[in-house]
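To start, the structure itself, in structure tokens.
Every chain is numbered from 1, with letters handed out A, B, ... down the list of sequences.
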Amino acid sequence: MPELPEVETIARALREGGRGGVPIPGRRIERAELLWSGCLATPTAEFQHLLPGQTVEAVERRGKFLILRLNTHALLIHLRMSGDVRVEAAGQPLQKHDRAAFHFADGLHLAFNDARKFGRLWFTPLPQTITAHLGPEPFDEALTPGAFHQRLSTRQRQLKPLLLDQSFLAGMGNIYTDEALHRAGLHPLCRSDALQPQHSARLLDSIRAVLSDGIQRNGASIDWVYRGGDFQNNFRAYQRTGQPCPVCATPIQRLVVGQRGTHICPRCQPLEPH
DNA sequence: CCTGAAACCTGTCTGC
DNA sequence: TGCAGACAGGTTTCAG
């Protein structure tokens, strides 16, 4: 489920509580339990020896990474396609597909659940080395329309795969990319260096608009992967094949771009930008 | 540098 | 009911 708005929603719940969640900053991890060792991307020995006893000092998000800052290290969580985290009372039984559990000293645990086993954990003293390859945050004030246009026009890439490239921009996934391109009236196969400055500005505005909407609605819940958000009720293109475009009523089409299901309005999103 | 395909996995849904 | 196939919110790696 997780793109930037979903990860942001989870980070906020872990940090501040709300939506039934409990804040975890200030809590000490007494025991770390690895239920499927394949999810740990850093050495197991450090994880087992240095993690117990550390206290959660802060919860942050960078791109789609969830970052728990501990005393000397950080725990990074990437949910990939089907990952999820739960905070619950220690008495609650672990669930099917739980891959790791962090037991707090005061009777709570944080469970990392991931049916498809794509998600990963990193336990490291230098979290910035893990996130170093990421491009700018979409809401970074330094990312001006001019700077964004510069980034777009110095590459010769199809727009959709470029927006999905985390080293170009951090946090976009399949849903929000389709939604942003629809709002901007740009075709996913349009070349990034074919955009005029006004197109780039429109795209940046659209990206920020769909991400803001998603965050405001606590993310999107689809299929059996559920988070509790309701942005899925506001999709204009994503998974709306055959349904009318909310702008011009033309049926939404599905195509495949870069191996990803892609949804467009053929009328609002012509190949030649205008 | 760019594109497309395959790989990593399990679960759900559709159609025969 | 069973079964094959398509599809799924992501990322990495490799061939051309």
Mind checking A/Arg155 for me? I need base, sugar-phosphate or nothing, with any heavy atom below 4.0 Å counting as a touch.
-> sugar-phosphate

Establish, with yes or no, whether the OP1 or OP2 oxygen of B/dG11 is under 4.0 angstrom from a side-chain nitrogen or oxygen of A/His97.
-> yes

Look at the side chain of A/His78 and decide which nucleotide, out of C/dA8, C/dT11, B/dC2, has an atom nearest to it.
-> C/dT11

N or O in side chain of A/Lys96 less than 4.0 angstrom from B/dT10 OP1/OP2 | no

Do the numbers put A/Arg31 on top of the ring of A/Phe102, so that NZ or CZ is under 6.0 Å from the six-membered ring centre and no more than 45° off the axis?
-> no

Using only side-chain N and O atoms of A/Lys117, determine if any of them is under 4.0 Å from OP1 or OP2 of B/dT10.
-> yes

Would one find a side-chain N or O of A/Gln259 under 4.0 angstrom from OP1 or OP2 of B/dA6?
-> no

Tell me what A/Arg254 touches on the nucleic acid: a base, only sugar-phosphate, or nothing, going by heavy atoms under 4.0 Å.
-> sugar-phosphate

Donor-acceptor contact below 3.5 Å, side chain A/Gln92 vs main chain A/His109 = no

Take A/Arg62 and A/Ile67, measure what side chain to side chain contact (heavy atoms under 4.5 Å, CB included) needs, and give me the verdict at the end.
-> CA-CA 7 Å; A/Arg62 173 79 172 98; A/Ile67 304 174; 3.9 Å; yes

Does the side chain of A/Gln158 get closer than 4.0 angstrom to OP1 or OP2 of B/dG4 through an N or O atom?
-> yes

Rounded P spacing from C/dA6 to B/dA5 in Å = 15 Å

Whole Å only: how far is the CD atom of A/Gln166 from the C1' atom of C/dT12?
-> 13 Å

Both distances under 3.5 Å, Watson-Crick or G-U wobble: report the partner of B/dC1, or none.
-> none

Go through B/dC9, B/dG4, B/dG11 for me and flag the one nearest to the A/Ala115 side chain.
-> B/dG11

By centroid distance (under 5.5 Å) and plane angle (under 30°), are A/Phe118 and B/dC8 in a stacked arrangement?
-> yes

Rounded distance in Å - CZ (A/Arg99) to P (B/dG11) = 8 Å

